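Please read these numbers as outputs of a predicted model, since none were measured by experiment.
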Amino acid sequence: MSLGTLGKNISNLEVTHISSHGIWLLFGDNELFLSYEDFPWFKDASVKHILNVTEPTANHFYWPDLDIDLTLDIIKHPDRFPLAFNEA
């Protein structure tokens, strides 16, 4: 039995790593780091929910299971977009 790749991978977006500090998102040729300090909603999320990310429009990322919308600009410059977060 031979395992081969079926079709061509056309995805431009992939979560490549999840650690105790944050997540890494591969977007095209760029690897972006989303720290839990800047993006706390991911900290207690399941791996399954973090991996389910789409790009509904250019440079706009959406995690439907978590109802999180982020743009490339927010990810690259979180200091420009202070986020309010209240722990329950």
Side-chain angles (χ1 to χ4, degrees):
M1 175 183 259
S2 174
L3 298 177
T5 302
L6 296 176
K8 179 180 171 185
N9 183 1
I10 58 170
S11 177
N12 195 33
L13 179 64
E14 178 184 0
V15 175
T16 58
H17 187 72
I18 301 171
S19 78
S20 60
H21 302 285
I23 65 174
W24 282 260
L25 188 65
L26 183 63
F27 177 62
D29 294 331
N30 300 303
E31 193 163 39
L32 309 167
F33 178 65
L34 291 78
S35 74
Y36 296 139
E37 184 177 316
D38 292 323
F39 304 98
W41 313 284
F42 295 106
K43 186 172 185 173
D44 294 320
S46 72
V47 170
K48 177 182 175 182
H49 292 163
I50 292 172
L51 293 176
N52 184 20
V53 59
T54 64
E55 185 186 10
T57 60
N59 300 324
H60 170 218
F61 312 110
Y62 181 58
W63 285 262
D65 299 324
L66 303 170
D67 196 26
I68 297 173
D69 285 280
L70 297 172
T71 64
L72 182 60
D73 200 31
I74 291 170
I75 295 170
K76 284 186 169 184
H77 308 285
D79 53 309
R80 295 182 190 168
F81 303 90
L83 304 175
F85 175 72
N86 297 319
E87 288 196 43

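Leu26 belongs to no hydrophobic cluster with other residues, because no ILVMFWY side-chain heavy atom falls under 4.5 Å from its own, directly or through intermediates.
Taking the ring pair (Phe, Tyr, Trp, His ring centres under 6.0 Å) definition, one finds that His17 meets it with Trp24, sequence neighbours left out. Legend: residues meeting side-chain hydrogen bond (donor to acceptor under 3.5 Å, both in side chains) with His21, ordered by chain and number and at least two apart, are absent. Scanning for side-chain hydrogen bond (donor to acceptor under 3.5 Å, both in side chains) contacts around Asp67 gives Tyr62, with sequence neighbours left out. The side-chain hydrogen bond (donor to acceptor under 3.5 Å, both in side chains) search around Ser20 returns none, not counting sequence neighbours. Shown here are the ring pair (Phe, Tyr, Trp, His ring centres under 6.0 Å) partners of Phe27, two or more places apart in sequence or in another chain: Phe61. For Glu55, there are no side-chain hydrogen bond (donor to acceptor under 3.5 Å, both in side chains) partners two or more places apart in sequence or in a different chain.
Summarising the geometry of Trp63 relative to Ile23, their closest heavy-atom pair is CZ2-CD1, 4.5 Å, with the distance given to 0.1 Å. Between Asp65 and Lys48, the shortest heavy-atom distance links the atoms OD2-O, 4.3 Å. The nearest pair of heavy atoms linking Pro64 to Asn52 is CD-O, 3.3 Å. Nearest heavy-atom pair, Leu34 versus Phe42, reported as atom, atom and distance to 0.1 Å: CD2-CE1, 3.9 Å.
Here Asn59 contributes atom CG and Asn12 contributes atom CG; the two are 9.0 Å apart, rounded to the nearest 0.5 Å. How far CD1 of Ile50 is from CG of Leu66: 7.0 Å, rounded to the nearest 0.5 Å.
Sorted by first and then second residue, the pairs that involve residues 68-80 and meet side-chain hydrogen bond (donor to acceptor under 3.5 Å, both in side chains), not counting sequence neighbours, are His60-Asp69.
Leu25 and Phe33 are members of different hydrophobic clusters when ILVMFWY side chains are connected at heavy-atom separations under 4.5 Å.
Between Leu72 and Leu32 there is a side-chain heavy-atom pair separated by less than 4.5 Å.
Under the 3.5 Å distance criterion, the side-chain polar atoms of Tyr36 are left unmatched by any main-chain donor or acceptor of Asp44.
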